Amino acid sequence: MFRLWGKIYKDNRLLKDMVISDDSADTRTHKIFHALDKICYDFDLSKPIWLDASVEEFKRHSKVRFTQDSFIDGIDFDYLEIHVIEED
């Protein structure tokens with residue numbers, strides 16, 4: 001079981017969150033991208049850009065924060081955080 005938690009924060013307060021579960025035989029990378037696509041669709045966001053700093057943070061901690069720098073469109077929150085909370 002693979003589960004990824006997506007959260008939107010503004011002023012250090014959680015505004016929205018959702019957990020995506022994936023039991024498919026896809027690779028970890030594909031599961032992450034599919035979950036991020038689903039979160040962005042459900043939250044009505046454009047997809048964030050993976051900057052080098054984002055990739056390094058995710059590799060180290062299985063968690064990353066996407067701030068305004070990662071989005072082409074303007075956002076009305078401080079950051080989107082994704083966090084892998086379970087994987088086999």
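Source: prediction; values computed, not measured.
- Residues forming a side-chain hydrogen bond (donor to acceptor under 3.5 Å, both in side chains) with Lys31 (at least two apart in sequence, or on another chain): none.
- Tyr9 and Val84 are members of different hydrophobic clusters when ILVMFWY side chains are connected at heavy-atom separations under 4.5 Å.
- Both Val55 and Leu4 belong to a common hydrophobic cluster when Ile, Leu, Val, Met, Phe, Trp and Tyr are linked at side-chain heavy-atom distances under 4.5 angstrom.
- Separation of atoms CG (Asp17) and CD (Glu81) is listed at 11.0 Å; rounding is to 0.5 Å.
- Considering every non-hydrogen atom in both Asp73 and Ser46, the closest pair reads OD2-CB, 3.4 Å.
- The minimum heavy-atom distance linking Ile20 with Lys38 is given by the pair CD1-CG, 3.4 Å.
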(message) Set out, in order, the CA-CA distance, both residues' side-chain angles and the distance that settles side chain to side chain contact (heavy atoms under 4.5 Å, CB included) for Trp5 and Ile39, then state yes or no.
(response) CA-CA 9 Å; Trp5 189 10; Ile39 289 167; over 6 Å; no

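- The two residues Lys10 and Leu15 make their nearest non-hydrogen contact at CB-CD1, 3.5 Å.
- When every heavy atom of Ser54 is checked against every heavy atom of Val64, the shortest pair comes out as O-CG2, 3.5 Å.
- Considering only heavy atoms from C-beta on, Phe66 stays 4.5 Å or farther from Tyr79 through its side chain.
- A perpendicular orientation is assigned to the rings of Phe58 and Trp50, their planes being inclined by more than 60° (bins at 30° and 60°).
- Summarising the geometry, atom NZ belonging to Lys7 is positioned 6.0 Å from atom NZ belonging to Lys63; distances are rounded to the nearest 0.5 Å.
- No side-chain donor-acceptor contact under 3.5 Å links Asp11 to the backbone of Arg13.
- A salt bridge is defined here as a Lys NZ or Arg NE, NH1 or NH2 lying under 4.0 Å from an Asp or Glu carboxylate O, and Arg28 with Glu87 meets this definition.
- Glu86 is linked by a salt bridge (Lys or Arg N to Asp or Glu O under 4.0 Å) to Arg3, counting only residues two or more places apart in sequence or in another chain.
- Take Lys47 and apply the salt bridge (Lys or Arg N to Asp or Glu O under 4.0 Å) test, not counting sequence neighbours, and it matches Asp37.
- In the hydrophobic clustering of ILVMFWY residues, with side-chain heavy atoms under 4.5 Å counting as a link, Ile49 and Ile8 come out apart.
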(request) Kindly determine whether Asp26 and His34 satisfy side chain to side chain contact (heavy atoms under 4.5 Å, CB included), including the steps that lead there. (result) CA-CA 10 Å; Asp26 270 345; His34 290 301; 3.6 Å; yes

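- Linking Ile, Leu, Val, Met, Phe, Trp and Tyr whenever their side-chain heavy atoms come within less than 4.5 Å leaves Leu51 and Ile32 in two separate clusters.
- By the 4.5 Å heavy-atom criterion applied to side chains, Pro48 and Leu36 are counted as neighbours.
- Grouping the Ile, Leu, Val, Met, Phe, Trp and Tyr side chains by contacts below 4.5 angstrom, directly or via other members, places Phe43 with Ile82.
- In this structure, Met1 and Ser21 approach most closely via the heavy-atom pair SD-CB, 3.8 Å.
- Residue Leu14 qualifies as enclosed at atom CG: its count of foreign heavy atoms under 6.0 Å is above 12.
- Residues Asn12 and Asp78 come closest through the heavy atom pair N-OD2, 4.2 Å.
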